[in-house]
Amino acid sequence: MRLINNSGIPEKQVWQVAQLAEVKQHNFVVVLDAAVNSVRADSARQKLAEYRSRGWEPPPSWETDATGESDIHACTVHQGIINSQLLPRHVKDFTVGSDLLVYVDGSWAAGDAIDFVVTFAHELRHAWQFYNVPIVFFPQTPLAWVMAPQSTPSEKDAEADGKAIAENIFGPPAVSAHLAAQIASCRPEHRDVLVRLKESDTHARSLELLESETLLLLTEHATEIRTLQSKNNFEIPGIRELSMHAQGKLHVSLLP
């Protein structure tokens with residue numbers, strides 16, 4: 001693990017989380033950025049300004065994008081699709097020669113310590129999935145197109161591990177109290193995610209169970225995944241890597 005830390009987060013804490021996540025030995029880069037990612041917001045603001053100067057009516061989605069809420073503030077991305085991600089150029093430049101990028105921007109790095117650890121550990125769990133159970137890691141994007149993204153085995157596993165590592169560092173009572181306070185004060189659209197995180201079981205599930213749950217969902221949604229790509233004439237990022245790792249295990253096609 002190679003660390004680029006421009007965030008002000010103490011490196012002792014960063015390496016403590018990485019040790020608990022059991023990923024330090026692998027070939028990936030972690031970028032903890034002081035800046036807040038605004039690539040999508042900046043593009044939307046530019047397009048809004050252009051449309052308004054011409055007296056045109058912009059799509060409503062651009063107004064949402066311009067707030068920054070649609071930008072990526074934490075992610076784990078494999079090398080094959082990094083260039084397609086709406087991330088700052090300087091962040092992408094750090095990924096040369098690495099299998100993965102784990103990225104956390106300044107909106108998390110400048111916030112509460114428990115929030116940062118939960119988020120960072122969550123992303124490191126995705127790195128762990130990439131190296132230990134790729135059949136769980138790669139389906140996240142295809143499944144997220146046809147079901148609630150937070151409901152996939154990859155996300156539920158990462159949520160549970162992020163919470164478990166935070167409890168290891170801060171203690172279960174502190175993490176529980178922190179999440180309860182967040183639930184009481186958060187915006188309504190964030191409540192369900194926080195409630196699920198607070199109630200999640202932090203006991204790790206076996207690799208076999210994670211894999212079997214993922215394969216079952218891929219089988220159930222295979223027709224939707226194929227139809228979506230065919231109808232929109234595109235290929236879901238990562239789906240070829242998924243198909244390669246699923247050979248002999250998945251008995252349906254995911255490509256149109």
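Values reported hereafter were calculated over all heavy atoms of this structure, with side chains retained and with hydrogens, waters and symmetry mates removed. If you read the sequence from its start, that first residue is 1, and numbering goes on from there.
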Engineer: For P139 versus T214, what's the shortest heavy-atom pair and its separation?
Structural biologist: CG-CG2, 3.4 Å
Engineer: How close do T76 and A127 get, heavy atom to heavy atom, and via which atoms?
Structural biologist: CG2-N, 4.0 Å
Engineer: Do the non-hydrogen side-chain atoms of V175 and H178 ever get within less than 4.5 Å of each other?
Structural biologist: no
Engineer: Verify ring pair (Phe, Tyr, Trp, His ring centres under 6.0 Å) between F28 and W128, making sure each step is shown before the conclusion.
Structural biologist: CA-CA 11 Å; F28 68 100; W128 182 92; over 10 Å; no
Engineer: Looking only at the side chains, is there a donor atom on one of N37 and H73 sitting less than 3.5 Å from an acceptor on the other?
Structural biologist: no
Engineer: Is any side-chain heavy atom of V252 closer than 4.5 Å to a side-chain heavy atom of L218?
Structural biologist: no
Engineer: Check the side chains of D115 and Q182 for a donor-acceptor pair under 3.5 angstrom, ignoring hydrogens and angles.
Structural biologist: yes
Engineer: Taking all atoms of both residues into account, what is the closest heavy-atom pair of S107 and V36, and its distance?
Structural biologist: N-CG2, 3.6 Å
Engineer: Taking all non-hydrogen atoms of both residues into account, name the closest pair between L124 and A21 and its distance.
Structural biologist: CB-CB, 3.8 Å
Engineer: Do H126 and E155 pair up side chain to side chain, a donor and an acceptor below 3.5 Å, judged on atom types alone?
Structural biologist: yes
Engineer: Going only through I, L, V, M, F, W and Y residues with side-chain contacts under 4.5 Å, is there a path from I81 to I236?
Structural biologist: no
Engineer: Kindly indicate, with the supporting measurements, whether the criterion side-chain contact (heavy atoms from CB on, under 4.5 Å) is fulfilled by I4 and N6.
Structural biologist: CA-CA 6 Å; I4 310 296; N6 304 319; 3.9 Å; yes
Engineer: Linking I/L/V/M/F/W/Y whenever their side-chain heavy atoms sit closer than 4.5 Å, directly or via other members, would L20 and F130 fall into one cluster?
Structural biologist: yes
Engineer: Between I225 and L217, is there a shared hydrophobic cluster once you connect ILVMFWY residues whose side-chain heavy atoms come closer than 4.5 Å?
Structural biologist: yes
Engineer: Is there a salt bridge (charged side-chain N to carboxylate O under 4.0 Å, His left out) between E159 and K198? Walk through the geometry before answering.
Structural biologist: CA-CA 10 Å; E159 280 188 355; K198 184 175 185 299; over 6 Å; no
Engineer: Is there a donor-acceptor pair closer than 3.5 Å between any side-chain N or O of S200 and the backbone N or O of L197?
Structural biologist: yes
Engineer: So how far is it from K92 NZ to I82 CD1, rounded to the nearest 0.5 Å?
Structural biologist: 9.0 Å
Engineer: If you take all heavy atoms of Q140 and P149, which pair is closest and at what distance?
Structural biologist: NE2-O, 3.3 Å
Engineer: State, with a plain yes or no, whether a side-chain heavy atom of V77 is found less than 4.5 Å away from one of E123.
Structural biologist: no
Engineer: Treating R45 as the side-chain partner and A66 as the backbone partner, does any N or O pair qualify as donor plus acceptor under 3.5 Å?
Structural biologist: yes
Engineer: Once you round to the nearest 0.5 Å, how far does CG of N132 lie from CD of Q129?
Structural biologist: 9.5 Å
Engineer: Can you tell me how far apart CD1 (I135) and CG (L242) are? Round to the nearest 0.5 Å.
Structural biologist: 5.5 Å
Engineer: Within the distance-only criterion (no hydrogens, no angle test), does the side chain of Q229 pair as donor or acceptor with the backbone N or O of L254 below 3.5 angstrom?
Structural biologist: yes
Engineer: Please report the C-alpha distance between K47 and E63 in whole Å, then the side-chain angles of each, then the deciding distance to 0.1 Å, and finally whether the salt bridge (charged side-chain N to carboxylate O under 4.0 Å, His left out) criterion is met.
Structural biologist: CA-CA 10 Å; K47 289 185 290 188; E63 296 282 1; over 6 Å; no
Engineer: Could you go step by step and tell me if K156 and E213 meet the salt bridge (charged side-chain N to carboxylate O under 4.0 Å, His left out) rule?
Structural biologist: CA-CA 11 Å; K156 289 193 289 187; E213 289 178 350; 5.4 Å; no
Engineer: Can you check whether L228's main-chain N or O pairs, donor with acceptor, with N232's side chain at less than 3.5 Å?
Structural biologist: yes
Engineer: Would you say that V31 contacts V102 through its side chain, given a criterion of any heavy-atom pair below 4.5 Å between the two side chains?
Structural biologist: no
Engineer: Group every Ile, Leu, Val, Met, Phe, Trp and Tyr by side-chain heavy-atom contacts under 4.5 Å, then state whether L179 and F170 land in the same group.
Structural biologist: yes
Engineer: Between S230 (side chain only) and R226 (backbone N and O only), is there a donor and an acceptor less than 3.5 Å apart?
Structural biologist: no
Engineer: How close do A109 and S7 get, counting heavy atoms only, and between which atoms?
Structural biologist: CB-CB, 3.5 Å
Engineer: Between Q79 (side chain) and T95 (backbone), is there a donor-acceptor pair under 3.5 Å?
Structural biologist: yes
Engineer: For L3 and L32, run side-chain contact (heavy atoms from CB on, under 4.5 Å): C-alpha distance rounded to whole Å, both residues' side-chain angles, the deciding distance at 0.1 Å, then the answer.
Structural biologist: CA-CA 8 Å; L3 175 62; L32 306 180; 4.2 Å; yes
Engineer: So V30 and R2, do their side chains get closer than 4.5 Å, heavy atoms only?
Structural biologist: no
Engineer: Quick check: do L87 and I72 have side-chain heavy atoms less than 4.5 Å from each other?
Structural biologist: yes
Engineer: Starting at CH2 of W145, measure out to CD of E224 and round the result to the nearest 0.5 Å.
Structural biologist: 13.5 Å
Engineer: Assert yes or no for the condition that the ring centre distance of H245 to F137 is strictly below 6.0 Å.
Structural biologist: no
Engineer: What distance separates N168 CG from K163 NZ, expressed to the nearest 0.5 Å?
Structural biologist: 14.0 Å
Engineer: As an exercise, state the distance from OG of S176 to CD of E199, rounded to the nearest 0.5 Å.
Structural biologist: 10.0 Å
Engineer: How are the rings of H78 and F138 set relative to one another: parallel (under 30°), tilted (30 to 60°) or perpendicular (over 60°)?
Structural biologist: perpendicular
Engineer: Does the side chain of I165 come within less than 4.5 Å of V117's, by heavy atoms?
Structural biologist: yes
Engineer: Going hydrophobic residue to hydrophobic residue with side-chain gaps under 4.5 angstrom, can you get from W15 over to I169?
Structural biologist: yes
Engineer: Does a sphere of radius 6.0 Å around CD in E189 hold more than 12 heavy atoms from other residues, nucleotides or ligands, not counting ones at 6.0 Å or beyond?
Structural biologist: yes
Engineer: Using a cut-off of 6.0 Å, state whether more than 12 heavy atoms not belonging to R240 lie near its atom CZ.
Structural biologist: no
Engineer: Apply side-chain contact (heavy atoms from CB on, under 4.5 Å) to the pair V29 and L100, showing each step before the final yes or no.
Structural biologist: CA-CA 6 Å; V29 61; L100 289 173; over 6 Å; no
Engineer: For F120 and I9: C-alpha separation, side-chain torsions, deciding distance, then whether side-chain contact (heavy atoms from CB on, under 4.5 Å) applies.
Structural biologist: CA-CA 11 Å; F120 182 42; I9 296 291; over 6 Å; no
Engineer: Over 60° means perpendicular and under 30° means parallel, so tell me whether H90 and F94 are parallel, tilted or perpendicular.
Structural biologist: perpendicular
Engineer: Using 4.0 Å as the upper bound for N to carboxylate O, is an ion pair formed by D93 and R89?
Structural biologist: yes
Engineer: Counting heavy atoms not belonging to R191, are there more than 12 under 6.0 Å from its CZ?
Structural biologist: no
Engineer: Can you list the steps and then say if T64 with E69 is a side-chain hydrogen bond (donor to acceptor under 3.5 Å, both in side chains)?
Structural biologist: CA-CA 7 Å; T64 302; E69 292 184 9; over 6 Å; no
Engineer: Measuring centre to centre across the rings, with the benzene-like ring taken for any Trp, is Y103 within less than 6.0 Å of W108?
Structural biologist: no
Engineer: Test salt bridge (charged side-chain N to carboxylate O under 4.0 Å, His left out) on R40 and D65; report intermediate values, then the result.
Structural biologist: CA-CA 6 Å; R40 190 165 186 158; D65 287 348; 3.4 Å; yes
Engineer: Does the side chain of S212 come within less than 4.5 Å of L209's, by heavy atoms?
Structural biologist: yes
